[in-house]
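Chain identifiers are assigned alphabetically (A, B, ...) following the order of the sequence lines, protein sequences preceding nucleic acid strands; residue numbering begins at 1 within each chain.
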Protein chains: 2
Amino acid sequence: METVERLISGAQELLWERGYVGTSPKAVQLVAGAGQGSMYHHFAGKAELAKVAIGRSAEEMRAAAEEQLGGAGTARERIAAYLGREREVLKGCQIGRLAADPEVVADPELRAPVAETFEWLRGRLTEVVAEGKQNGEFPETLDPERTAATIAAVLQGGYVLARAAGSPEPFNLAVQGLNDLLNPTT
Amino acid sequence: METVERLISGAQELLWERGYVGTSPKAVQLVAGAGQGSMYHHFAGKAELAKVAIGRSAEEMRAAAEEQLGGAGTARERIAAYLGREREVLKGCQIGRLAADPEVVADPELRAPVAETFEWLRGRLTEVVAEGKQNGEFPETLDPERTAATIAAVLQGGYVLARAAGSPEPFNLAVQGLNDLLNPTT
DNA sequence: GTCTATACAGTGATAGAC
DNA sequence: GTCTATCACTGTATAGAC
């Protein structure tokens, strides 16, 4: 793997763990096995490297979600698959984590990929829910846009509760609770 | 207001905005209008001051939640009141925010008040949902513990989506979506 | 209790040699 | 492209005077 790639994936890893504020160029160089001069040759500075790394993580998150949401099965099945897929719950969401970082939120260049990723996710979930409504899987009264936001929020909030607890349990409970509400035993 | 109090509430403010990793003793002294020596006279260091400040924020969050959850009305009404109460959505949750901080999660002393606050909140919501079941407000099939986790997660995740978007809208959508699911128009 | 002085590592970057 | 040197600044304290 080339130096540039190691710098990017090193930055992705550290941004995930420590956020932008908590990640220093030196720490990135260390995990990437690259020197000071090497990093500043490839990137103008911390912000530029972070921008690239965040973009990379955003792509990964979209691809991972699309794997279930665009897969086979009914709308209900695809949502259940998305909710139930294996996750590193205690690490949290690599993109959602950045919404807590003051400097990411303050810098339009850094916030953009974060905003776009969640816009995409909510839009994609809205489509799947709407599709399920048309097929009679969901009641006519269900609002797809609201429901999509709720689904995304349960996952992001589940990570928060799990990290706070130091255990994946609250995440699993929240997801099961949402599943129950979406699939009432009429 | 005395110096100690100004230091504590200054730390609360900065921890909310920037997290533990992003908050320096010097910055706290600045917003508190206190000198270096003054801070280190009252607190052993950054971690100890943070511990006190987090405990204070935890109390505040509990009190705010209990205002609606322990108020008048049916279980459904109290949950709706809790969900709908006015919030500084773009600032996020002062306690939930800390679950993203690597050094808070890593230090048992700092994580404890965060963990306890969410344990309390989920427990309190569990009680209210259970009460609603007994009164026939919620279906017999509803699991109180799961539902409680889902409610807490929607709020925490709503903050994440809102900060990512730079707008309270996703938070409001997520909460409305949850409300719809909890109050189906049978 | 509060102040100033001092210390020493880390941050984020630039300069110039190789 | 990568390395080492250097820099001004901040982070997190400690020491001792007042």
Side-chain angles (χ1 to χ4, degrees), chain A residues 1-56 97-98 100-111, chain B residues 1-56 97-98 100-111:
Chain A
M1 205 174 176
E2 308 130 34
T3 302
V4 195
E5 287 304 314
R6 287 203 317 278
L7 282 166
I8 296 174
S9 62
Q12 285 186 266
E13 208 178 309
L14 286 172
L15 286 169
W16 191 355
E17 257 178 57
R18 307 191 43 89
Y20 182 79
V21 162
T23 297
S24 70
K26 186 175 287 192
V28 176
Q29 293 151 29
L30 205 77
V31 307
Q36 192 89 338
S38 191
M39 187 197 115
Y40 282 99
H41 172 74
H42 294 290
F43 301 95
K46 174 180 170 176
E48 218 204 55
L49 172 51
K51 204 182 128 189
V52 174
I54 293 173
R56 192 67 70 86
R97 194 257 170 270
L98 298 170
D101 195 295
E103 300 192 7
V104 169
V105 168
D107 182 341
E109 296 268 308
L110 294 179
R111 189 171 63 77
Chain B
M1 203 175 178
E2 309 131 33
T3 302
V4 196
E5 287 303 314
R6 287 204 316 278
L7 283 165
I8 296 173
S9 62
Q12 284 186 267
E13 209 178 308
L14 285 171
L15 286 169
W16 192 354
E17 258 178 56
R18 307 191 42 87
Y20 182 78
V21 161
T23 297
S24 70
K26 186 177 286 192
V28 176
Q29 293 151 28
L30 206 77
V31 307
Q36 192 88 337
S38 192
M39 188 198 114
Y40 283 99
H41 171 73
H42 294 289
F43 300 95
K46 174 180 171 176
E48 218 205 57
L49 172 51
K51 204 183 128 187
V52 175
I54 294 173
R56 192 69 69 88
R97 193 256 171 275
L98 298 171
D101 195 295
E103 300 192 7
V104 169
V105 168
D107 181 341
E109 296 268 309
L110 295 178
R111 188 170 63 76

Distance in angstrom units between [X] [atom1] and [N] [atom2], rounded:
X     : N      : atom1 : atom2 : result
A/F43 : D/dG1  : CZ    : P     : 13 Å
A/Q29 : D/dT4  : CD    : C1'   : 13 Å
B/E48 : D/dT12 : CD    : P     : 16 Å
B/L49 : D/dA13 : CG    : P     : 11 Å
A/L30 : C/dG10 : CG    : P     : 11 Å

Inset, instruction - Tell me whether the OP1 or OP2 atom of D/dG1 has a side-chain N or O from A/T3 closer than 4.0 Å. - result: no

Inset, instruction - Please determine if a side-chain N or O atom of B/H41 lies less than 4.0 Å away from the OP1 or OP2 oxygen of C/dC3. - result: no

I need the minimum non-hydrogen distance between [X] and [Y], along with the two atoms involved.
X     : Y      : value
B/L98 : B/V105 : O-CG2, 4.4 Å
B/S9  : B/M1   : OG-CE, 3.7 Å
B/G22 : A/V21  : CA-CG1, 3.4 Å

Inset, instruction - Assign each of A/A27 and B/V4 to its nearest nucleotide of DNA chain C by heavy atoms, then name whichever residue's nucleotide is nearer the 5' end. - result: B/V4

Inset, instruction - Summarise protein proximity over nucleotides 12-18 of chain C in one line of letters, 5' to 3': B for base, S for sugar-phosphate only, - for none, counting protein heavy atoms closer than 4.0 Å. - result: SBB----

Inset, instruction - Evaluate whether atom CD of A/E109 has more than 12 neighbouring non-hydrogen atoms of other residues, nucleotides or ligands under 6.0 angstrom away. - result: no

Legend entry - With sequence neighbours excluded, residues passing side-chain contact (heavy atoms from CB on, under 4.5 Å) with A/A47: A/Y20

Legend entry - Residues in side-chain contact (heavy atoms from CB on, under 4.5 Å) contact with B/V4, at least two apart in sequence or another chain: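 side-chain contact (heavy atoms from CB on, under 4.5 Å) check on B/V4 returns B/I8, B/H42, B/F43.
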
